[in-house]
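Below is one structure, written out as structure tokens, with a few remarks after it.
Start at 1 with the first residue, then count along the sequence. Predicted, not measured: the structure shown is a model, and the values here were computed from it.
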Amino acid sequence: QVQFVESGGGLVQPGGSLRLSCSASGSFFTIYVMNWYRQAPGKQRELVAASTNSSEIYADSVKGRFTISRDNAKNTVYLQMNSLKPEDTAVYYCNAVVGLQFGGRPYNYWGQGTQVTVSS
């Protein structure tokens with residue numbers, strides 16, 4: 001059973017920083033892509049940042065403020081969030097595309113989510 005567990009959310013003032021972490025556990029062959037999504041109340045879930053083995057992409061709303069990084073040895077993805085704004089308030093979800101076996105089909109996994117609140 002593959003699981004992804006997030007940590008690092010919390011309450012922060014505007015302009016502050018937080019670092020989210022998401023670690024994988026269980027048995028699998030490889031992780032192809034690790035992403036961060038977020039969902040604010042009353043809004044659809046949106047992609048914040050994505051990390052493949054060769055590149056990163058960011059939503060326009062977070063470019064220059066957020067940085068996604070991976071530690072493949074630890075099967076962990078991070079999201080460093082700087083210059084936080086009230087509109088960044090949301091539940092942040094880790095998402096990953098995982099190959100369970102060599103040559104097998106990929107599977108999509110989600111973490112349980114972690115709340116980030118930006119408020120004075």
Side-chain angles (χ1 to χ4, degrees):
Q1 182 77 7
V2 179
Q3 290 185 320
F4 288 83
V5 179
E6 299 116 335
S7 62
L11 173 64
V12 63
Q13 292 186 341
S17 298
L18 282 176
R19 188 193 194 207
L20 305 182
S21 300
C22 174
S23 295
S25 63
S27 179
F28 50 88
F29 170 65
T30 191
I31 300 175
Y32 295 109
V33 182
M34 299 188 83
N35 310 310
W36 287 98
Y37 283 76
R38 67 186 181 187
Q39 187 166 20
K43 295 188 176 181
Q44 290 188 333
R45 191 172 296 189
E46 63 173 353
L47 178 66
V48 175
S51 175
T52 68
N53 286 323
S54 58
S55 64
E56 294 80 40
I57 62 171
Y58 297 92
D60 288 342
S61 59
V62 307
K63 281 182 182 177
R65 300 188 298 121
F66 290 11
T67 302
I68 188 171
S69 61
R70 287 172 65 170
D71 185 336
N72 290 326
K74 296 181 179 180
N75 296 314
T76 298
V77 63
Y78 304 96
L79 186 68
Q80 178 66 44
M81 305 185 294
N82 299 327
S83 302
L84 282 161
K85 305 174 181 180
E87 51 263 43
D88 295 318
T89 295
V91 178
Y92 283 70
Y93 296 92
C94 172
N95 166 259
V97 178
V98 179
L100 299 183
Q101 299 175 335
F102 177 76
R105 56 152 286 191
Y107 290 84
N108 198 35
Y109 289 90
W110 292 90
Q112 81 285 0
T114 185
Q115 177 70 46
V116 171
T117 303
V118 184
S119 175
S120 56

(Q) Can you tell me how far apart OG (Ser69) and CE (Met34) are? Round to the nearest 0.5 Å. (A) 10.5 Å
Q: Examine Tyr78 and Trp36 and state if one hydrophobic cluster contains both, with Ile, Leu, Val, Met, Phe, Trp and Tyr joined whenever side-chain heavy atoms are less than 4.5 Å apart.
A: no
Q | In one Ile/Leu/Val/Met/Phe/Trp/Tyr side-chain cluster, 4.5 Å: Val2, Val33 | A | no
Q) Do Ser23 and Thr76 have side-chain N/O donor and acceptor atoms under 3.5 Å apart? A) yes
Q) Quick one: do Val77 and Val62 end up in the same hydrophobic cluster if we chain Ile, Leu, Val, Met, Phe, Trp and Tyr together by side-chain heavy atoms under 4.5 Å apart? A) yes
Q. In the hydrophobic clustering that connects Ile, Leu, Val, Met, Phe, Trp and Tyr at side-chain heavy-atom distances below 4.5 Å, which members other than Leu11 occupy its cluster, ordered by chain and number?
A. none
Q: Please go through Phe102's hydrophobic cluster and name the other residues, only I, L, V, M, F, W, Y counting, with side-chain heavy atoms under 4.5 Å joining them.
A: Phe29
Q: Could you tell me which non-hydrogen atom of Asn35 sits nearest to which non-hydrogen atom of Ala50, and how far apart they are?
A: OD1-CB, 3.0 Å
Q: Quick one: list whatever passes salt bridge (charged side-chain N to carboxylate O under 4.0 Å, His left out) with Glu46, sequence neighbours left out.
A: Arg38
**Q.** Closest heavy-atom pair and its distance - Tyr92, Met81
**A.** CE2-SD, 3.9 Å
Q: Identify the heavy atoms of Leu84 and Val12 that sit nearest to each other, and give their distance.
A: CD1-CG1, 3.5 Å
Q: Grab the two heavy atoms, one from Cys94 and one from Phe4, that are nearest each other, plus how far apart they are.
A: SG-CD2, 4.1 Å
Q | Hydrophobic cluster of Ile57, others only, ordered by chain and residue number, side-chain cut-off 4.5 Å | A | Tyr37, Leu47, Val91, Tyr93, Trp110
(Q) Going by the rule salt bridge (charged side-chain N to carboxylate O under 4.0 Å, His left out), which residues pair with Lys43 if we only count those two or more places apart in sequence or in a different chain? (A) none
Q | From Ser21 atom OG to Asp71 atom CG, the distance as rounded to the nearest 0.5 Å | A | 10.0 Å
Q) What heavy-atom pair brings Glu56 and Ile68 nearest, and what distance separates the two atoms? A) CG-CG2, 3.5 Å
Q | Interatomic distance, Cys22 atom SG to Gln112 atom CD [nearest 0.5 angstrom] | A | 8.0 Å
Q) For atom CD of Gln101, is the number of surrounding heavy atoms from other residues, nucleotides or ligands below 6.0 Å larger than 12? A) no
Q. Where do Thr89 and Gln115 come nearest, in terms of heavy atoms and distance?
A. CG2-NE2, 4.0 Å
Q) Do Asp88 and Lys85 sit within salt-bridge range, that is, some charged N less than 4.0 Å from a carboxylate O? A) no
Q | Shared hydrophobic cluster, Leu20 / Tyr109 (ILVMFWY, side-chain heavy atoms < 4.5 Å) | A | yes
**Q.** Cluster overlap Val97 with Leu100, hydrophobic side-chain contacts below 4.5 Å
**A.** no
(Q) Within this structure, what is the CZ-OG distance for the pair Phe66 and Ser17, rounded to the nearest 0.5 Å? (A) 9.5 Å
Q: Would you please name every residue forming a salt bridge (charged side-chain N to carboxylate O under 4.0 Å, His left out) with Arg19, sequence neighbours left out?
A: none
